[in-house]
Amino acid sequence: MTASSKRTKKQAILETALQLFVSQGFHGTSTATIAREAGVATGTLFHHFPSKEQLLEQLFLGVKQEFADAIQASVSSRGNLKQDAEQLWFAALTWAMANPLKQAFFQLYSMSPNVEQSVRDQAMHGILGFIAELIHQGQASGELAEYPIELMQDNCHGQYLAATRYFVDHPERWQQAHERSASFALFWNAMAKV
């Protein structure tokens with residue numbers, strides 16, 4: 001077996017698990033179903049992922065990394081915190097609208113007890129650590145309120161989930177500039193120093 005076919009099987013397992021965890025839920029999805037739908041033996045699934053929980057965790061971190069890479073790649077720092085935050089905000093929402101299955105996964109599992117707190121922390125503080133850096137810069141410059149950074153990160157995350165849920169449920173509103181602008185205004189005003 002080549003490294004490429006191992007990668008392909010692992011990727012097939014991850015893609016199938018994503019689909020099934022969204023459509024059937026974590027507890028409603030068996031490893032046997034994932035393996036069958038991915039076209040691999042159950043033993044192959046367990047070779048790559050020792051447990052269903054570890055499969056969920058790797059999927060969670062992988063999708064978070066893809067999200068972080070995509071939004072960072074589409075942003076060019078202008079040196080203006082509010083403009084940079086606005087670019088990140090719209091890049092994040094655009095990613096969500098372009099990746100509805102992965103966004104549905106975020107909605108279901110971002111705050112799920114099925115994902116260990118340590119894994120959620122790794123995503124928030126490691127993969128998405130650049131957000132904490134921007135918050136810190138904003139606090140240092142006096143543009144953002146002096147709330148605990150971790151609380152502000154969780155608030156940003158909650159606002160992202162709320163806005164994406166709103167726009168996914170009402171895609172016609174995503175097409176309206178004033179709706180998109182209002183979503184950023186809500187986001188920014190929750191953090192801005194008054």
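Throughout, numbering of the chain's residues begins at 1 and tracks the sequence.
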Atom pairs and distances, side-chain donor-acceptor, residues 181-189, under 3.5 Å, sequence neighbours left out:
from: Ser181; atom 1: OG; to: Ala177; atom 2: O; distance (Å): 3.0
from: Ser183; atom 1: OG; to: Trp89; atom 2: NE1; distance (Å): 3.0
from: Ser183; atom 1: OG; to: Arg180; atom 2: O; distance (Å): 2.6
from: Asn189; atom 1: ND2; to: Ala185; atom 2: O; distance (Å): 3.1

Under 3.5 Å, which donor-acceptor pairs do the side chains of residues 145-157 form with other protein atoms, sequence neighbours left out?
from: Gln153; atom 1: OE1; to: His125; atom 2: ND1; distance (Å): 3.4
from: Gln153; atom 1: NE2; to: Met124; atom 2: O; distance (Å): 3.3
from: His157; atom 1: NE2; to: Lys64; atom 2: NZ; distance (Å): 3.3

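For residues 161-182, the ring-ring contact (aromatic ring centres under 6.0 Å, His included) pairs, not counting sequence neighbours, are Tyr166-His170, Phe167-Trp174. Applying the salt bridge (Lys or Arg N to Asp or Glu O under 4.0 Å) test to pairs two or more places apart or on separate chains, those with a residue in residues 163-173 are Arg165-Asp169.
Annotation: side chain of Thr31 is not in contact with side chain of Leu55 (no heavy-atom distance under 4.5 Å). Leu144 is listed as a side-chain neighbour of Leu81, based on a closest heavy-atom distance under 4.5 Å. When side chains are defined from C-beta on, Leu18 does not count as touching Phe60, because their heavy atoms never get closer than 4.5 Å. At least one side-chain heavy atom of Asp84 sits under 4.5 Å from a side-chain heavy atom of Gln87. Using a 4.5 Å heavy-atom threshold, the side chains of Ile127 and Asp69 count as separate.
Minimum interatomic distance between Lys52 and Thr29 (heavy atoms only, all atoms of both residues): NZ-O, 2.7 Å.
The closest donor-acceptor contact from the side chain of Gln107 to the backbone of Leu161 lies under 3.5 Å. The backbone N or O of Phe90 lies less than 3.5 Å from a partner atom in the side chain of Thr94, making a donor-acceptor pair. In this structure a side-chain-to-backbone donor-acceptor pair under 3.5 Å is missing from Arg120 to Met111.
When the side-chain contact (heavy atoms from CB on, under 4.5 Å) test is applied to Gln58, the partners found at least two apart in sequence or on another chain are Lys10, Phe49. A search for salt bridge (charged side-chain N to carboxylate O under 4.0 Å, His left out) contacts involving Lys102 returns Glu66, not counting sequence neighbours. Legend: residues meeting ring pair (Phe, Tyr, Trp, His ring centres under 6.0 Å) with Phe21, ordered by chain and number and at least two apart, are Phe26. Take Ser51 and apply the side-chain contact (heavy atoms from CB on, under 4.5 Å) test, not counting sequence neighbours, and it matches Glu53, Gln54. Under the side-chain contact (heavy atoms from CB on, under 4.5 Å) criterion, Val40 pairs with Lys9, Ile13, Ala35, Ala38, Thr44, sequence neighbours left out. With sequence neighbours excluded, no residue satisfies salt bridge (charged side-chain N to carboxylate O under 4.0 Å, His left out) with Arg36. For Gln83, there are no side chain to side chain donor-acceptor pair (under 3.5 Å) partners two or more places apart in sequence or in a different chain. Considering only residues two or more places apart in sequence or on other chains, Phe106 meets the ring pair (Phe, Tyr, Trp, His ring centres under 6.0 Å) condition with Phe67, Trp95.
Using modelled atom types and a 3.5 Å distance limit, the side chains of Tyr160 and Gln103 yield a donor-acceptor pair. Side-chain contact check for Glu143 and Ser141: at least one donor-acceptor pair (N or O, by modelled atom type) lies under 3.5 Å.
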_Asn114 and His27: CA distance, side-chain angles, deciding distance, side-chain contact (heavy atoms from CB on, under 4.5 Å) verdict_ = CA-CA 9 Å; Asn114 294 314; His27 294 293; 3.1 Å; yes

One pair to check against side-chain hydrogen bond (donor to acceptor under 3.5 Å, both in side chains): Gln11 and Glu15. What are the steps and the verdict?
CA-CA 6 Å; Gln11 193 58 38; Glu15 290 169 4; 3.3 Å; yes

